[in-house]
Every structure is written in C-alpha cells, then in structure tokens.
Protein chains: 2
Amino acid sequence: MFYKNYLNNCFVFILKISIFLHNADNSCIKQYYLIIKMAVTIKDIAKISGYGVGTVSRVLNGGTLVKSETRERVMQVARKLNYKPNKVAKMLVTGKFSQSTIGIILPKITHRFSMEIIAGIYTKLNELGYNLLVFNIGKKREEVFEHIRYSHFSGLLVLLGSLKEDEVLMLKSENTHFVYLDYHDRNENSIFFNNHLGGGLAAKYLMDKKCKRIMLVGDYAKTIQREERFRGFKDVLKGAQIELFDEVYISSDEKAAYSLTKKVIKAGKADGIFFYSDDLALGGLKAKREIQSSIRIIGYDDIEAAGYLGLSTVRQNAHTLGKLGAGTIVEILKKDKPINETEVVYRCLEPELVDRGS
Amino acid sequence: MFYKNYLNNCFVFILKISIFLHNADNSCIKQYYLIIKMAVTIKDIAKISGYGVGTVSRVLNGGTLVKSETRERVMQVARKLNYKPNKVAKMLVTGKFSQSTIGIILPKITHRFSMEIIAGIYTKLNELGYNLLVFNIGKKREEVFEHIRYSHFSGLLVLLGSLKEDEVLMLKSENTHFVYLDYHDRNENSIFFNNHLGGGLAAKYLMDKKCKRIMLVGDYAKTIQREERFRGFKDVLKGAQIELFDEVYISSDEKAAYSLTKKVIKAGKADGIFFYSDDLALGGLKAKREIQSSIRIIGYDDIEAAGYLGLSTVRQNAHTLGKLGAGTIVEILKKDKPINETEVVYRCLEPELVDRGS
DNA sequence: CTGAAAGCGCTTACAG
DNA sequence: CTGAAAGCGCTTACAG
C-alpha cells in the first residue's frame with residue numbers, strides 16, 4: 001500500500017511495511033514507513049504543467065519551436081521540482097556517449113611514483129584525444145567494481161597489483177579490455193619494470209664502490225615488486241660470493257630510514273645500504289651526510305628529489321610506463337577484437353642505474 | 001534503397017546514393033555506396049541464435065536458469081558477432097549509474113603546479129568516495145564540451161581559466177554545478193589564490209633585502225593570474241616610492257631565464273629579480289650561483305624543487321586548493337539545490353612568503 | 001506550436 | 001527453461 005506524492009522538492013513513495021515476528025506468542029507486529037525518493041522526470045513535469053512530454057523535452061533542450069508562454073510555464077515547473085535531466089537516458093537515445101574514455105583503477109594511497117605514472121598516462125591520452133576516468137579503492141573494493149561494471153568506458157588500466165579472479169571474470173564478461181601497469185601476469189596484458197634486474201643493478205653499484213658489508217632495507221609492504229627486486233639484489237651478491245650482511249624492514253617513511261641509518265653508521269658495521277625506494281633512501285642519505293660517513297647509499301625509482309639531492313638510484317621511468325600503458329590500451333581497443341581472441345601484450349621495461357656518487 | 005547485412009564481424013547498412021549534378025547538360029550522375037556500421041545488439045543475437053532477447057540477456061548475465069545447450073549456442077553467436085554490451089542501456093534500466101563521479105576539465109598542457117592540484121583533488125575525492133572523470137582540451141574544445149554534455153557525472157571542476165558564455169549556459173541548462181579553480185568570477189563558484197597579495201609579498205621580500213633596482217620577469221602567457229600578481233608587485237613598489245627598474249618577458253623555460261639573468265648580472269644594473277614562477281626563477285638562481293652574484297632572486301608557487309634548491313618564493317599550496325575544490329563541489333552537490341538557487345562559493349586563499357635567503 | 005507514438009538497448013517480472 | 005511484454009527516461013519524426 002503506497003502512493004506517489006510531491007513533497008519537499010522531490011517525489012516520494014511512502015511505503016508502509018508490516019513485519020510479523022514469529023515469537024512465542026506469534027503476534028508481535030512492527031510497522032515501518034519506508035520512504036523512497038524518486039527522481040523527477042520529464043513525465044512529472046509534463047503531468048504537472050499540463051503539456052506533453054515531447055513539448056517539455058523541446059523546452060528543456062532550448063528548442064525554439066515553442067510558444068514563449070509554454071516555455072515559461074514548463075521551466076517554472078522544472079525549477080520548482082528541481083528537475084535534473086537523466087544523462088544516461090539522453091545518452092542512450094542520442095547515441096552520443098563518448099567512445100573515447102579510458103578507466104584507471106588505483107589503490108587508496110598513492111605515492112609520487114604513481115602520480116608520475118598518472119601524469120604519463122594523462123599526457124598520452126591527451127595526445128590521443130581520450131578522457132580518463134579514475135576509480136579509487138577508497139570505498140569498499142566490491143563497490144568500486146560495481147561502479148566499474150556499470151560505467152561506460154572502453155578500456156581499463158590497472159595500477160593496483162593483481163585483480164581478483166572474479167574481478168577479471170566480470171571485466172571479461174563485460175568485454176572490457178584491461179592492462180596491468182607495474183604488475184605482471186603472463187595471461188593478461190602487462191606493462192611493468194624488471195625488478196629483478198633493477199635489484200641486481202643496485203647490488204652491482206655497491207660492489208663497484210667496494211662495499212663489503214652490504215645491507216638491505218625495505219618497508220613492511222609485501223609486494224611482488226619487492227620480492228623480485230630483493231631477489232635480484234641477492235642473486236647478484238650470491239654470484240659474487242658476497243654474503244648479505246643484514247636485512248631490515250621498517251615503516252615506510254623517511255624518518256624511520258634516517259634513524260636506522262644513523263644507528264647503523266654508529267655501529268660501524270655495514271658499509272653500503274640498498275633501500276627499497278628513494279623515499280626511504282633519502283632518509284639514509286640525510287644521516288650519511290650529517291655524520292659525514294663514507295657509507296654508500298642507493299635507492300630505487302629516481303624520483304625528482306633524488307636528482308636534486310644527489311642520490312644514486314635505479315631509475316624506473318614512471319612517465320614512460322604511463323605513456324606506454326595508455327598507448328597500449330588504446331591500440332588494443334582500436335583493433336576491436338573479442339577479448340578472448342586478443343593476443344596478450346606482455347612488455348617488460350628495463351630500469352637503469354643512475355650513479356650520483358652517494 | 002538499403003539493406004542490413006552481416007559482414008566482417010559486424011552488421012552493416014549499405015546505402016546506395018545517387019547524386020544528380022545540375023550541369024549544363026543536366027545529366028551527370030554520381031553514385032556512392034555509404035557503409036554504416038551498426039553495433040551488434042542483443043536483438044541481433046536473439047534473431048541469429050533463434051532465442052528471445054530475454055533468454056539472451058539471461059545468458060549474457062551469467063544467469064543460471066538457462067539450459068547449458070542454450071547457453072553455449074548464444075555465447076557462440078555473441079562471440080562470432082563480437083558482441084559488446086551497451087553499458088548505457090544497462091545503466092538506464094538497472095538504475096545503477098554512479099552518482100559519485102566528479103568531472104574536471106584541464107588545459108592541454110599541464111605543469112607541475114596543476115599536477116599538484118590534481119593530486120589534492122584526488123586525495124579528497126578518495127576520502128569522500130568519489131571518482132574523477134578527467135577531460136582534456138586536447139581535441140577541439142567544442143568536442144570536449146559535447147562529451148561533457150553527454151557524460152554522466154554530478155559536478156565539474158574547471159581548471160582552465162574562464163569558460164565561454166555558451167559553455168556556462170550549457171552546464172546550467174544541464175543542471176551541472178561547477179567550481180572554478182585558480183580562477184575567479186564573482187558570479188560563479190570560485191576557489192583561487194590572491195595573486196595581488198602574492199605579488200606584493202614578493203616586492204616586500206626584495207625591499208627587505210635592500211634591493212634598489214628591482215626587475216620583473218614573466219613569460220609570454222597573458223593570464224589573469226599574471227596581471228594580478230604583477231600589479232600587486234608594482235603596487236607595493238609604488239607605495240614605497242621605488243620605481244620599477246625593468247620589466248622583461250621571455251619564453252616559459254628555465255634556460256631562457258638562466259641566460260637572461262647572466263646578462264643582467266654582467267650588466268651590473270639590477271640587484272633583485274622577481275620571476276613569475278619558480279620554473280623561471282630556478283634558471284635565475286642557477287645563474288646567480290654560478291657567478292656568485294649577490295643579486296636577489298624570488299620565484300612563485302613553491303614547487304618541490306624550490307625547497308631542495310633553496311629558492312625564496314611565494315607559496316601557493318596547490319594541494320590545499322585541490323582538496324578544497326573537491327570538498328566544495330561535493331558539498332554543493334549534497335545540498336542538491338537548483339543551480340540558480342545555489343549561493344555562490346567565492347573563496348580566496350592567501351599565499352605566503354617563503355624566505356630561503358636566495 | 002503541440003501531442004501521441006515509436007524507439008534507443010537493455011532487464012526483469014510474469015506466464016506458460 | 002523460455003518468450004512476450006513492459007518499462008528505464010529520454011528524443012524525435014510524424015501528424016495535426
């Protein structure tokens with residue numbers, strides 16, 4: 001038993017619900033009123049203004065083929081009801097929805113490295129005339145994927161590590177192509193950096209600088225990137241028959257790295273440290289310089305500050321990754337093949353050593 | 001005279017067009033075939049597979065209430081036709097379109113300052129559970145606004161300077177709220193920095209450092225920001241009865257600023273320069289340090305590098321601007337008032353002097 | 001100048 | 001398990 005009503009600038013349904021709870025006495029009844037707000041439609045305006053929906057539509061679209069009297073009456077009603085056009089319906093009927101939007105899904109927290117990737121993506125899409133729809137896993141993950149499912153865009157970039165199995169299935173059933181960025185999976189499109197190689201470069205750097213007691217410092221986040229990067233590092237040491245002196249994990253900020261490094265220097269044991277990222281390494285560098293220690297420090301990523309502060313590092317060109325990712329997804333879309341007939345793009349980018357003498 | 005046909009993995013209309021050219025002999029005829037590609041719909045699949053559209057829809061949505069034989073037949077046809085579901089239709093019927101997407105429109109080229117604003121926006125929207133749809137004026141401007149018109153999002157941030165009159169009209173007729181960022185218009189929502197004040201701070205800095213022969217350097221772009229910033233600068237000088245020594249405009253890059261500053265120092269006239277932006281000022285700073293000149297240099301923005309390199313500057317907190325902009329548009333949307341009844345948000349942020357002794 | 005109707009591509013009760 | 005039908009909110013010829 002319900003009725004549609006006009007109330008408080010908005011149409012509402014008022015729904016009376018009775019709930020019978022099967023208690024011992026089998027008689028307890030609760031009643032609720034459920035109020036459902038309904039969006040105002042062109043039909044409502046038509047009914048209230050006394051015109052047909054066609055006329056209302058013409059007025060709303062600035063059509064000139066309406067009497068100005070009609071025009072005003074309709075506009076007045078529309079304003080009063082706080083009418084907002086339903087873009088989705090409009091898109092459907094006009095067929096004018098953009099075919100040139102790329103989606104990207106990102107983790108909750110983004111560091112400078114991700115921001116640079118995004119800048120690269122943006123630059124490339126700009127060139128190609130595509131728009132970018134950014135989804136963040138700020139809310140519940142499933143909710144975001146619901147949005148992704150029902151949003152209209154042509155392809156998705158995934159800068160999030162791995163997707164879950166059902167997420168992949170959903171995307172495929174919606175025929176939505178996607179490309180992993182900075183992550184790799186043999187079965188899916190992936191553009192990523194060779195972390196194993198990069199870790200090795202860092203090891204070589206410290207060896208070249210004649211370090212003998214080499215230390216590894218990472219943060220707590222267990223990612224595939226860290227695993228590969230550190231494995232690459234250890235493999236090279238092993239190859240040179242150098243034993244890893246120490247391996248420490250700290251929280252992901254510069255200050256933690258700073259105080260750790262101070263301690264290490266004062267203990268006077270390690271003579272070279274490889275930090276998982278420049279963010280950490282900058283803390284280490286600060287400690288080194290303050291104490292004027294000869295300890296060697298190398299980071300990873302080559303963020304802008306590394307250049308200014310003279311930190312040796314392993315460069316991963318984030319901008320290039322972003323541009324490449326954007327270019328790839330657009331190319332895949334242009335081929336317009338069914339998702340299971342598309343050949344997988346699997347591209348590994350090589351990092352490079354940047355020796356700034358630190 | 002045309003017919004629908006199945007060809008090359010896609011439905012096509014082939015349209016035969018005859019054109020009569022009214023020449024002298026009045027007889028010349030040209031004929032074309034116009035080929036129109038039509039998207040494959042669920043109806044096409046139904047027709048070809050021999051099932052009803054309802055059944056096809058159930059199969060496509062992974063429904064379990066279909067015979068597996070039916071399921072396979074339908075899927076096979078869908079694959080063969082390279083069927084792609086129309087998300088827009090799906091959204092309309094399910095009503096599941098995201099109400100929590102904010103749009104942003106950006107100029108073609110974006111500098112670090114804009115990127116930081118975007119990072120701020122992103123951070124805030126993340127917090128609020130909103131997605132971001134980024135439009136760039138890479139393509140023709142009108143085309144982008146067509147996209148904006150037909151895209152489904154709730155509010156728009158404008159980081160583009162001013163909108164044209166018809167663009168504003170379009171947004172309003174679509175009931176799309178918008179907020180200017182880093183630009184201001186008394187009649188529209190605006191969040192921006194006080195450039196007049198900022199320019200004044202720069203002037204005070206140089207005066208405090210006892211500069212007597214003060215110079216102004218900008219790039220060629222005539223923006224409202226530049227006008228106000230430089231006017232503020234001059235106003236303060238005028239107030240102190242100091243005459244502007246020189247005013248030069250160069251191209252927007254560090255190198256131009258570097259060589260200009262070298263020349264200025266060698267000429268030995270000016271003893272203080274205010275650069276329109278840190279990007280330029282960093283070039284000036286480099287020249288100053290190379291020659292070990294005592295000339296004073298101040299920039300504007302406080303980009304990251306300014307901190308690392310010890311450049312005095314006027315800080316505009318881009319991150320704050322972005323966060324505020326995102327928060328504001330969401331708040332406006334939550335109030336859900338008709339666009340002409342919304343009171344205008346007009347918020348001016350104050351820049352601050354950062355003295356790093358340069 | 002306006003109304004009634006068809007249709008955009010899909011989903012989803014409702015019968016059978 | 002499947003088909004026919006109604007409907008999402010709009011636009012747009014087509015008559016009148």
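Side-chain atoms are counted along with the backbone in the values below, which use heavy atoms only and exclude waters and symmetry mates. Since this is a predicted model, take the numbers as computed values, not measurements. A, B, ... follow the sequence lines: proteins, then strands. Residue 1 opens every chain.
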| query | Under the ring-ring contact (aromatic ring centres under 6.0 Å, His included) test, which residues partner A:H152, sequence neighbours left out? | reply | A:F97
| task | Look at B:T70 and D:dT2 and indicate whether a side-chain polar atom (N or O) is within less than 4.0 Å of OP1 or OP2. | result | yes
| message | Whether B:S57 contacts C:dC10 is assessed here as follows: a side-chain N or O lying under 4.0 Å from the phosphate OP1 or OP2. Is that the case? | response | no
| task | Measure from NZ or CZ of B:K164 to the centre of the six-membered ring of B:F145 and say whether it is under 6.0 Å with the direction within 45° of the ring axis. | result | no
| query | Quick one: is the NZ or CZ of A:K124 closer than 6.0 Å to the six-membered ring centre of A:Y130, and within 45° of its axis? | reply | no
| More than 12 heavy atoms from other groups under 6.0 Å of NZ on A:K323 | no
Please list, pair by pair, any protein nitrogen or oxygen found under 3.5 Å from a nitrogen or oxygen in nucleotides 13-16 of chain D.
| unit_1 | atom_1 | unit_2 | atom_2 | d |
| --- | --- | --- | --- | --- |
| D:dA13 | N6 | A:R58 | NH2 | 2.9 |

Is any side-chain heavy atom of [X] less than 4.5 Å from a side-chain heavy atom of [Y]?
X	Y	answer
B:L159	B:I105	no
A:Y83	A:L60	yes
B:R141	B:L160	yes

| What residues form a salt bridge (Lys or Arg N to Asp or Glu O under 4.0 Å) with B:E331, not counting sequence neighbours? | none
| message | Checking B:R149 now: which residues fulfil salt bridge (Lys or Arg N to Asp or Glu O under 4.0 Å) with it, not counting sequence neighbours? | response | B:E174
| query | Are B:K172 and B:E188 close enough for a salt bridge, meaning some N to O gap below 4.0 Å? | reply | yes
| query | Nearest-Å distance, CD (A:E69) to C1' (C:dT2)? | reply | 13 Å
| query | Using Watson-Crick and G-U wobble pairs whose two distances are both under 3.5 Å, how do you write the pairing of DNA chain D as dot-bracket, with | for links to another strand? | reply | |||.||||||||.|||
| said: I want to confirm an ordering. Mapping B:G50 and A:T55 to their closest nucleotides on DNA chain D, which one lands closer to the 5' end? | reply: B:G50
| note | Among C:dG3, C:dT11, C:dA5, the one nearest any side-chain atom of B:N61 is C:dT11
Extract from the structure each pairing of a protein N or O with an N or O of nucleotides 7-9 of chain D at less than 3.5 Å, listing the distance.
none

